[in-house]
Amino acid sequence: MSNLSDFISSFEENYGKLVESVEIFEETRASIIAKRGSYIEIAEILRDEYGFVIPIAGGAIDYPEENRMEMNYYLDSPDSDFIVIYRVHLARDDLVLPTMTTVWEAMSFHERETKEMFGIDFEGHENMVALLLPPDWKGGYPLRKDFKGEGVE
Amino acid sequence: MSWIIKLLKPIAIVAPYVLRNSQTVAYPTERLIFKDRYRGRHQFFFERCINCSICARVCHSKTITMVEVEGKEKTFPQIDYNTCSFCGYCVEFCPKQALEFTDVIEMAVSDRSELVYSPEQLSIVPKIKDLVPRMKRRVESYLTDKEMKYRKVKDV
Amino acid sequence: MPEPKIESEIMRISWGPQHPMSGQTRILLDTDGEKVHKIIADIGYTHRGIEKVLENRTLIGGIIPIERMNMVDSSNIGIGYVTACDKTYGLEVPERAQWIRSLICEMGRINSHLYAFGLQAEATAYFPAVFLWTTIDREVLLDLFEELTGARWSYNHFLPGGVFKDFPEGFEAKILEAVQYLRRRFKDYWNAMIENPMFEMRCDNVAILEPKDAIRLGATGPVLRGSGIPIDMRKEEPYAAYNSLDWEVITEDACDIMARTKVRFHEIGQSLNMMEQIAKEIPEGETRARFSPFSRAPEGEHITRVENSRGEMSIHMWTDGTTNPYRVKIMPPSLRNMYVFERLAELSEIVVADIPVVVNSIDPWYLDSDR
Amino acid sequence: MIYTNIALGTASRTGQTLAGIMAWMIEFLTVNSKPILQVLVLPGLAFTLVFALVAVWFERKFLARAMLRVGPYYCGGRAGVLQVFADFIKLFLKEMIIPDSVNWLFFALMPIMVSFVPGLALILIPFDANWVLWDIGSLGLPMFLAIMGIAPLMPIFAGWVSNNKYSFIGAWRVAYMYISGEIPIVICAAAVAIMAGSFNLVKIVEAQSNMIFAIPQFIGFIVFFIGVLIESERTPFDLPVAETELVFGWRTEFSGILFGFTMMAEYVMLQAWSLLFITLYLGGYSGPIIMGNVIGSHIFWLLAKFCAVVVFVILLRCVFPRPRMDQMLKIGWSYLTPLALLNLFIVLGLKMWGVF
């Protein structure tokens with residue numbers, strides 16, 4: 001599916017209902033906001049049907065005043081000239097997500113880093129160990145907006 | 001036979017390297033001449049400064065602070081070389097070019113507090129000769145067909 | 001008669017940060033003396049929290065910390081961040097500035113690949129002759145950088161809207177002279193190192209990464225192109241002046257260490273051709289669009305994807321109207337290659353003595369992956 | 001004739017005043033006494049030590065140039081001549097750390113034995129027609145190979161005695177390597193002995209008067225040279241000391257002068273093997289051969305050839321990377337040994353058809 005517009009149109013009418021919104025963002029990126037329920041199935045559809053097999057990265061962003069967090073995965077496919085940003089919104093109090101390593105294996109590093117930086121824990125991740133921070137890090141989650149440097153004596 | 005040639009070819013290539021002279025600069029006796037855009041230690045000009053403190057605001061690691069100077073009522077920039085990253089923003093965005101780069105890099109000190117240069121200290125740039133007493137000549141590099149050599153530019 | 005199961009007790013060797021050939025990271029190897037069964041990469045020793053640092057700096061001030069993420073190849077990171085700033089501010093970069101940006105990126109790429117060669121030679125215990133050759137050849141490029149930008153490695157010559165300064169006069173002649181010199185030097189590298197039978201013995205079909213595995217594990221850069229997949233961000237999403245320069249993506253399909261080394265080698269050739277084109281056909285014009293360092297960044301969200309010497313580096317920048325970015329998500333290439341290195345033990349036969357060569361063929365930059 | 005009887009202990013020339021070993025010892029010293037100069041200086045102690053010092057200095061300066069840098073610079077004028085003495089004195093004054101979980105006697109003895117045993121083999125090399133320190137006639141070559149057969153055991157014991165995991169692995173690598181390097185060398189030496197018709201090193205040199213053995217036995221020449229590299233642990237075969245994988249092989253635990261001895265051992269081994277290589281293949285002390293006759297056999301030619309071989313071996317250090325252990329053994333077993341046998345058959349063929 002090398003062309004962006006017909007990817008959007010075909011994805012829209014096939015799985016438009018299962019997904020909160022699909023739009024073109026910055027004329028060469030497709031931004032898909034998924035629902036918590038059908039989160040993994042849509043990922044598998046993206047990978048098998050539309051050929052997005054290259055996992056670029058995964059990261060989160062924190063909106064404290066709207067009391068929500070957003071986890072997005074960046075996906076690419078060898079024969080398309082656009083990338084897909086697969087997002088999901090999380091309420092700030094229950095930060096639980098099914099792990100994406102079953103779909104894209106290489107996301108395990110990025111999920112470990114998001115866990116220690118934002119506090120989103122991914123069930124089903126096989127070795128959820130701190131990636132960048134020291135294992136005995138007692139402080140809060142550094143990349144959150146309300147992180148004031150606790151845990152650093 | 002071909003693999004014997006393959007074995008001998010690297011030897012034939014590396015052997016002449018031994019005859020070349022070394023491409024190193026013997027630092028205390030020879031010192032490189034840096035290019036004129038080189039970002040070494042700052043030089044500050046009192047008369048050009050209009051105390052607008054743009055340099056203090058544009059500095060990304062907040063190493064420039066405006067300090068009082070006795071004898072003058074305005075405040076002038078003081079640079080703390082512990083955290084300066086020589087990025088050149090202060091020099092670039094200063095409207096009156098009051099701060100400029102020199103090619104002095106011999107700034108080793110025995111105490112951190114000495115690295116905080118007051119405006120007067122910034123305006124006086126010591127000569128390279130008395131910073132590097134054992135220096136005999138200044139050299140610069142040039143390319144020949146096979147190697148990079150260093151030639152003497154001037155005696156000091 | 002069932003094949004006798006060799007009871008080999010596995011011991012875990014820690015290839016620590018203090019090991020002579022390990023770099024700033026720790027690798028745990030499950031091995032029975034010779035064969036490596038499992039690799040666990042324990043990275044994070046040089047984590048400086050650059051994403052947090054960027055949040056309390058102005059957009060323009062963020063260029064300096066982000067260029068220190070990978071000192072050898074700092075220009076190819078700075079270009080990503082600066083392009084993101086251009087999109088945020090909506091600045092129109094003049095044509096000449098784009099060409100100067102491409103020149104600095106390509107010189108940074110040669111610089112970084114040369115450094116990778118040196119480490120590769122030292123990993124096969126080539127008695128670091130080639131490492132010092134590359135150091136001295138990089139001297140030629142560092143002199144060019146010093147003349148153009150004023151600094152030898154962290155140049156931060158880029159500004160949102162263009163570059164700091166134009167070429168000093170007579171700079172094009174110096175570029176051409178350096179390009180001729182480096183081309184002559186690379187004949188020596190090809191004959192003394194890549195055609196070296198002992199080097200081939202150490203590198204041929206070792207640590208093979210199949211194309212489909214490379215894609216599945218998210219390999220990028222010379223590691224991906226060494227397995228025959230022509231993905232290069234300069235072609236996928238042309239930035240700076242890459243669509244007006246003619247060059248082609250290099251791929252090798254031998255999928256082993258020698259292929260990755262050859263990809264880096266031919267990429268240097270391509271970069272030298274680009275440098276030559278830039279020196280000859282750079283258009284005239286001023287080099288900086290009107291921009292004040294204290295202007296507020298308009299609200300927005302932009303992604304830029306840039307080809308670092310080690311792979312695809314993407315930056316996702318959210319801005320919320322203040323002078324500082326709201327959040328900058330950096331996707332370094334070395335993190336993706338480190339995961340490939342972790343899975344390599346299961347994909348192909350690796351011996352303990354091969355670990356330094358394999359690590360250097362993947363050439364991760366640990367400061368890059370730790371951010 | 002006399003010496004073989006004495007060696008076999010059957011006949012006795014003088015009256016048996018003192019019995020047993022003492023008699024043989026005095027007998028041996030009186031008959032075999034050489035001028036002190038020969039014992040102490042040339043083929044003996046001083047030559048080994050001076051060569052070790054000069055080789056260390058030369059290697060650092062020579063390889064520095066290959067790496068486009070200067071090498072030792074400040075000690076003793078710009079040539080860095082005193083650098084080696086500075087290193088030696090530093091090692092001498094450094095503290096010898098002996099780990100407590102180690103049998104200290106063996107721990108201190110092993111580095112000395114490592115550099116002493118190869119030195120023993122030096123006294124068999126003919127430096128000139130009658131300039132052989134231990135002239136045991138036709139037992140020359142086998143005795144040399146016997147001593148050099150014991151020499152690899154010393155690094156193995158050294159690695160074993162230092163009771164450290166890395167040096168243990170390094171010690172066993174030494175064992176693998178030497179076995180795979182020793183057998184081709186012995187076969188090639190046998191081929192040379194067959195062609196020269198005798199085991200006496202002096203006769204081997206004289207047999208090369210009309211043509212040095214390197215030309216008819218070119219394959220043996222190459223195999224023997226690679227064997228010399230393997231035996232003296234020179235790059236590209238310095239696996240036991242492979243710092244990239246094992247920290248420093250069997251030398252990790254030694255410090256101070258013990259470490260100095262292990263470094264010297266590398267050069268003494270190289271010296272012994274390259275001197276044998278020159279006597280067997282490059283015509284030992286005989287001068288250049290022009291129109292079929294030797295210009296003049298003098299010790300100068302032996303030292304000149306020795307310097308040429310050592311310079312080439314040191315140059316190889318910055319040309320070739322180091323193979324892996326299994327590739328190293330593959331070279332030793334599946335390339336060198338068959339080539340050595342092939343060379344043996346060629347020599348037998350030449351001998352049978354009377355070409356030589």
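Letters A, B, ... mirror the listed sequences (proteins, then strands); counts begin at 1.
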Original post:
Which atoms form the tightest heavy-atom contact between C/Gly218 and A/Ala106, and what is the distance?
Top reply: N-CB, 4.5 Å
Original post:
Quick one: do A/Glu70 and C/Lys329 make a salt bridge, cutoff under 4.0 Å?
Top reply: no
Original post:
Heavy-atom distance under 4.5 Å to chain A: side chain of C/Tyr326, backbone, both or neither?
Top reply: both
Original post:
Of all of C/Glu312, C/Arg336, C/Arg343, which one pairs up most often with chain A through heavy atoms under 4.5 Å apart?
Top reply: C/Arg336
Subject >> Proximity breakdown for A/Ala60 and chain C, heavy-atom pairs closer than 4.5 Å >> reply: backbone
**OP:** Would you mind telling me which of A/Leu133, A/Asp76, A/Asn72 has the largest number of heavy-atom pairs within less than 4.5 Å of chain C?
**Re:** A/Asp76
Original post:
Which bit of A/Met107 comes within less than 4.5 Å of chain C, counting heavy atoms only: side chain, backbone, both or neither?
Top reply: neither
Original post:
Is the number of heavy atoms from other residues, nucleotides or ligands under 6.0 Å of C/Glu92 CD greater than 12?
Top reply: no
**OP:** May I ask you to name which of C/Leu335, C/Ile231, C/Asp42, C/Ile229 has the most heavy-atom pairs under 4.5 Å with chain A?
**Re:** C/Leu335
**OP:** May I ask you to name which of A/Val53, A/Ile54, A/Leu131 has the most heavy-atom pairs under 4.5 Å with chain C?
**Re:** A/Leu131
Original post:
Going through the distances and angles, do A/Ile85 and C/Ile303 end up as a side chain to side chain contact (heavy atoms under 4.5 Å, CB included)?
Top reply: CA-CA 10 Å; A/Ile85 300 131; C/Ile303 295 181; 3.3 Å; yes
**OP:** With rounding to the nearest 0.5 Å, note down the distance linking CD in A/Glu113 to CD1 in C/Ile43.
**Re:** 8.0 Å
Original post:
Does any heavy atom of chain C fall under 4.5 Å from the side chain of A/Pro55, the backbone, both, or neither of them?
Top reply: both
Subject >> Where A/Ile61 and C/Arg327 come nearest, the two heavy atoms and their spacing >> reply: CD1-CB, 3.7 Å
Original post:
When the ring planes of A/Tyr74 and C/His316 are compared, do they come out parallel, tilted or perpendicular, using 30° and 60° as the limits?
Top reply: perpendicular
Original post:
Highest number of heavy-atom pairs under 4.5 Å with chain A: which of C/Arg371, C/Met338, C/Arg305?
Top reply: C/Arg305
Subject >> Residue A/Arg68 excluded, over 12 heavy atoms near CZ under 6.0 Å >> reply: yes
Original post:
Given that the side chain runs from C-beta out, which part of C/Ser369 has a heavy atom under 4.5 Å from chain A: side chain, backbone, both or neither?
Top reply: backbone
Original post:
Under 3.5 Å, side chain of C/Tyr339 to main-chain N/O of A/Glu105, donor-acceptor pair present?
Top reply: yes
Original post:
Quick one: of C/Arg216, C/Glu236, C/Glu51, C/Glu301, who has the most non-hydrogen atom pairs under 4.5 Å with chain A?
Top reply: C/Glu301
Subject >> Region of C/Lys87 in contact with chain A, defined by heavy-atom distances below 4.5 Å >> reply: side chain
**OP:** Could you tell me the separation between the CE atom of C/Met331 and the NE2 atom of A/His110, rounded to the nearest 0.5 Å?
**Re:** 9.0 Å
